[in-house]
Amino acid sequence: MNYKGTFTSKLPNTKTSIFAVMSGLANEVGAINLSQGFPNFPVDPELIELVHKYMKEGKNQYAPMPGEPVLRSAIAGKVQRTYNRSYHPDKEITVTAGATQGLYTIFSAMIQPGDEVIFFEPAYDSYLPAIIMNGGIPIPLQLEHPTYHINWEKVKSTINPRTKMIVVNSPHNPTGAVLSPEDLKQLDELTQNTNIIVLSDEVYEHLIFDGIRHESVCLYPGLAERSFITASFGKTFHTTGWKMGYVLAPENLTVEFRKVHQFDMFAVNTPAQWAVAEYLQNPQKYLDLPNFYQRKRDFFTNLIKDSRFKILPCKGTYFQLLDYSEISNENEMDFAVRLTKEFGVATVPVSPFYMNELDKHVLRVCFAKTEETMEKAAEILNKI
């Protein structure tokens with residue numbers, strides 16, 4: 001049955017998310033799923049028990065629109081401890097239904113028709129449709145392959161009076177690259193004395209390796225004054241299905257953000273908010289994550305070091321890029337599909353993270369998996 005009337009699609013060129021496509025194919029053929037970014041190991045039982053505790057205590061009705069005060073206070077403490085930056089829990093912190101909802105709400109609140117939004121490709125796939133849906137003009141700039149660093153001269157020459165926002169993402173999905181202090185200095189200088197808003201996607205803030213410091217925009221006072229930051233408890237605490245994150249922003253930006261948030265979400269899961277608030281009282285729950293995931297990265301890359309795949313640098317996230325140019329000339333999508341169907345390992349092609357589906361013969365794999373899963377996948381990859 002189909003609708004008989006006429007309508008114009010607001011996203012005529014948008015396809016089903018590559019994550020859904022590859023995970024669906026993995027499920028269909030029974031492949032090892034290294035495609036979609038979610039852990040396959042258990043959540044800390046302590047956190048599960050805390051949710052249960054607060055459910056039994058009756059914390060089951062609507063939370064306040066900005067988030068439970070106890071959680072916003074805990075977030076403020078976490079940010080103060082981690083970055084020595086103060087955000088007012090009542091006026092500058094909002095709990096969201098995952099970082100993706102926070103991202104969409106930021107675009108909805110701040111972008112007017114005709115505003116230009118600079119972002120860097122390959123880019124997390126929610127940026128582009130959110131910009132278009134809100135009447136913005138997407139301005140993608142390519143990261144420099146194979147290190148995936150930003151060419152700031154290109155950024156400088158692209159900025160113009162119509163530039164409303166610059167989107168940065170570090171640690172970066174899908175490449176695993178991270179921004180340096182010099183990158184933040186350049187971003188600060190280019191946006192000083194302008195009306196440009198910075199949107200900093202920092203959902204992998206605690207998944208950063210090799211002793212590198214996460215360069216949050218909130219470490220830079222000038223940038224903090226004109227920036228939104230999105231963060232994710234799902235990524236930090238292995239609970240992607242809970243869809244809970246938060247947005248940090250100065251008061252005047254938060255006011256505008258909440259005008260939209262109250263109608264596209266209003267409130268987030270109440271018992272989970274109380275549980276995370278208590279769980280955050282032990283900072284080691286997130287401060288130990290760099291070592292935890294670095295061990296997983298090193299375990300996986302050591303398993304496939306003698307394969308025909310070229311291992312590209314990964315400094316953060318739980319994603320590893322693999323260059324397969326010495327194995328096949330197939331485009332990324334075709335090779336990823338064949339790898340899933342014929343060999344039983346599902347990955348994600350990087351080309352859908354570009355507006356023009358630029359193909360560099362690179363796949364993304366997720367190593368947020370048990371050692372057993374990684375060993376089984378590596379055994380297959382080593383034979384290709």
### Message
Under a 3.5 Å cutoff, is there a donor and acceptor pairing between the side chains of Asp201 and Tyr127?
### Response
yes

### Message
Whether the Ser200 and Glu202 side chains hold a donor-acceptor pair (N or O, under 3.5 Å, no angle test) is what I'd like checked.
### Response
yes

### Message
Under a plain distance cut-off of 3.5 Å, with no hydrogens placed, do Glu182 and Ser180 share a side-chain donor-acceptor pair?
### Response
no

### Query
Backbone N or O of Lys360 within a donor-acceptor pair of the Glu332 side chain at under 3.5 Å?
yes

### Task
Please report the shortest heavy-atom distance between Ala267 and Ala63, naming the atom on each side.
CB-O, 3.3 Å

### Query
Within the distance-only criterion (no hydrogens, no angle test), does the side chain of Asn382 pair as donor or acceptor with the backbone N or O of Ala378 below 3.5 angstrom?
yes

### Message
Here's a test for you: under side chain to side chain contact (heavy atoms under 4.5 Å, CB included), which of Thr96, Thr240, Ile75 qualifies with Phe233?
### Response
Ile75

### NZ/NE/NH1/NH2 to OD/OE distance under 4.0 Å, Lys154 and Glu144
yes

### Any donor-acceptor pair under 3.5 Å from Asn60 side chain to Met55 backbone
yes

### Geometric cation-pi criterion, Lys369 with Phe38: 6.0 Å, 45°
yes

### Query
Are Phe292 and Phe209 near enough that their ring centres are under 6.0 Å apart?
no

#### Entry: Evaluation steps, salt bridge (Lys or Arg N to Asp or Glu O under 4.0 Å), between Arg162 and Glu116
CA-CA 6 Å; Arg162 296 182 300 279; Glu116 294 186 359; 3.0 Å; yes

### Task
Answer yes if the ring centres of Phe309 and Tyr324 are under 6.0 angstrom apart, and no otherwise.
no

### Donor-acceptor contact present, side-chain Asp188 to main-chain Lys185, <3.5 Å
no

### Any side-chain donor near an acceptor of the partner, Thr100 and Tyr124, under 3.5 Å
yes

#### Entry: Salt bridge flag under 4.0 Å for residues Arg308 and Asp323
no

### Distance-only donor-acceptor check, side chains Glu256 and Asn252, under 3.5 Å
no

#### Entry: Any donor-acceptor pair under 3.5 Å from Asn302 side chain to Asp298 backbone
no

### Message
Between Phe299 and Phe367 (judged by ring centroids, cut-off 6.0 Å), do the two rings come close enough to count as a pair?
### Response
no

### Message
Quick one about Asn331 and Ser351 (side-chain donor to acceptor, distance below 3.5 Å, no hydrogens or angles considered), yes or no?
### Response
no

#### Entry: Any side-chain donor near an acceptor of the partner, Thr254 and Glu92, under 3.5 Å
no

### Query
Is there a donor-acceptor contact under 3.5 Å linking the side chains of Glu251 and His88?
no

### Query
Under the side chain to side chain contact (heavy atoms under 4.5 Å, CB included) criterion, do Ile159 and Leu190 qualify, and how do the steps go?
CA-CA 9 Å; Ile159 290 174; Leu190 288 177; 4.1 Å; yes

#### Entry: Distance-only side-chain donor-acceptor flag, Ser216 / Glu205, under 3.5 Å
no

### Task
State whether the side chain of Arg364 and the backbone N or O of Thr175 hold a donor-acceptor pair below 3.5 Å, judged by distance alone.
no

### Task
May I ask you to decide whether Glu49 forms a salt bridge with Lys53, counting only side-chain N to carboxylate O separations under 4.0 Å?
no

### Query
Where the side chain of Ser73 meets the backbone of Val70, is there a donor-acceptor pair that is under 3.5 Å apart?
no

### Residues Thr105 and Asp264: side-chain donor-acceptor under 3.5 angstrom
yes

### Query
Does Gln273 use its side chain to pair, donor to acceptor, with the backbone of Glu68 at less than 3.5 Å?
yes

### Task
Return yes if a side-chain donor-acceptor contact under 3.5 Å exists between Tyr279 and Asp44, otherwise no.
yes

#### Entry: Pairs touching residues 147-166 that satisfy ring pair (Phe, Tyr, Trp, His ring centres under 6.0 Å), sequence neighbours left out
His145-Tyr148

### Query
How far apart are the closest heavy atoms of Ala99 and Ser232, and which atoms are they?
CB-CB, 4.3 Å

### Query
Got a donor-acceptor contact below 3.5 angstrom from the Thr163 side chain to the Asn160 backbone?
yes

### Query
Which atoms form the tightest heavy-atom contact between Leu34 and Ala377, and what is the distance?
CD1-CB, 3.7 Å

### Message
Could you check whether Tyr246 and Lys78, counting side-chain N and O atoms only, form a donor-acceptor pair closer than 3.5 Å?
### Response
yes

### Any side-chain donor near an acceptor of the partner, Gln101 and His261, under 3.5 Å
yes

### Query
Under the side-chain hydrogen bond (donor to acceptor under 3.5 Å, both in side chains) criterion, do Thr317 and Asn173 qualify, and how do the steps go?
CA-CA 7 Å; Thr317 75; Asn173 178 13; over 6 Å; no

### Query
Does Val247 belong to the same Ile/Leu/Val/Met/Phe/Trp/Tyr cluster as Val260, with side-chain heavy atoms less than 4.5 Å apart forming each link?
no

#### Entry: Check: Trp242 main-chain N/O paired with Thr239 side-chain donor or acceptor under 3.5 Å
no

### Task
Please round to the nearest 0.5 Å and tell me the distance separating atom CD of Gln284 and atom CG of Leu289.
10.0 Å

### Query
Should Arg213 and Glu215 count as an ion pair when the cut-off is N to O under 4.0 Å?
yes

### Message
Could you tell me if Lys296 sits above the aromatic ring of Tyr318, with its cationic atom closer than 6.0 Å to the ring centre and no more than 45 degrees from the axis?
### Response
no

### Arg297/Asp210 ion pair, N-O < 4.0 Å
yes

### Query
About how many Å separate OG1 of Thr158 and CG of Asn151, when rounded to the nearest 0.5 Å?
9.0 Å

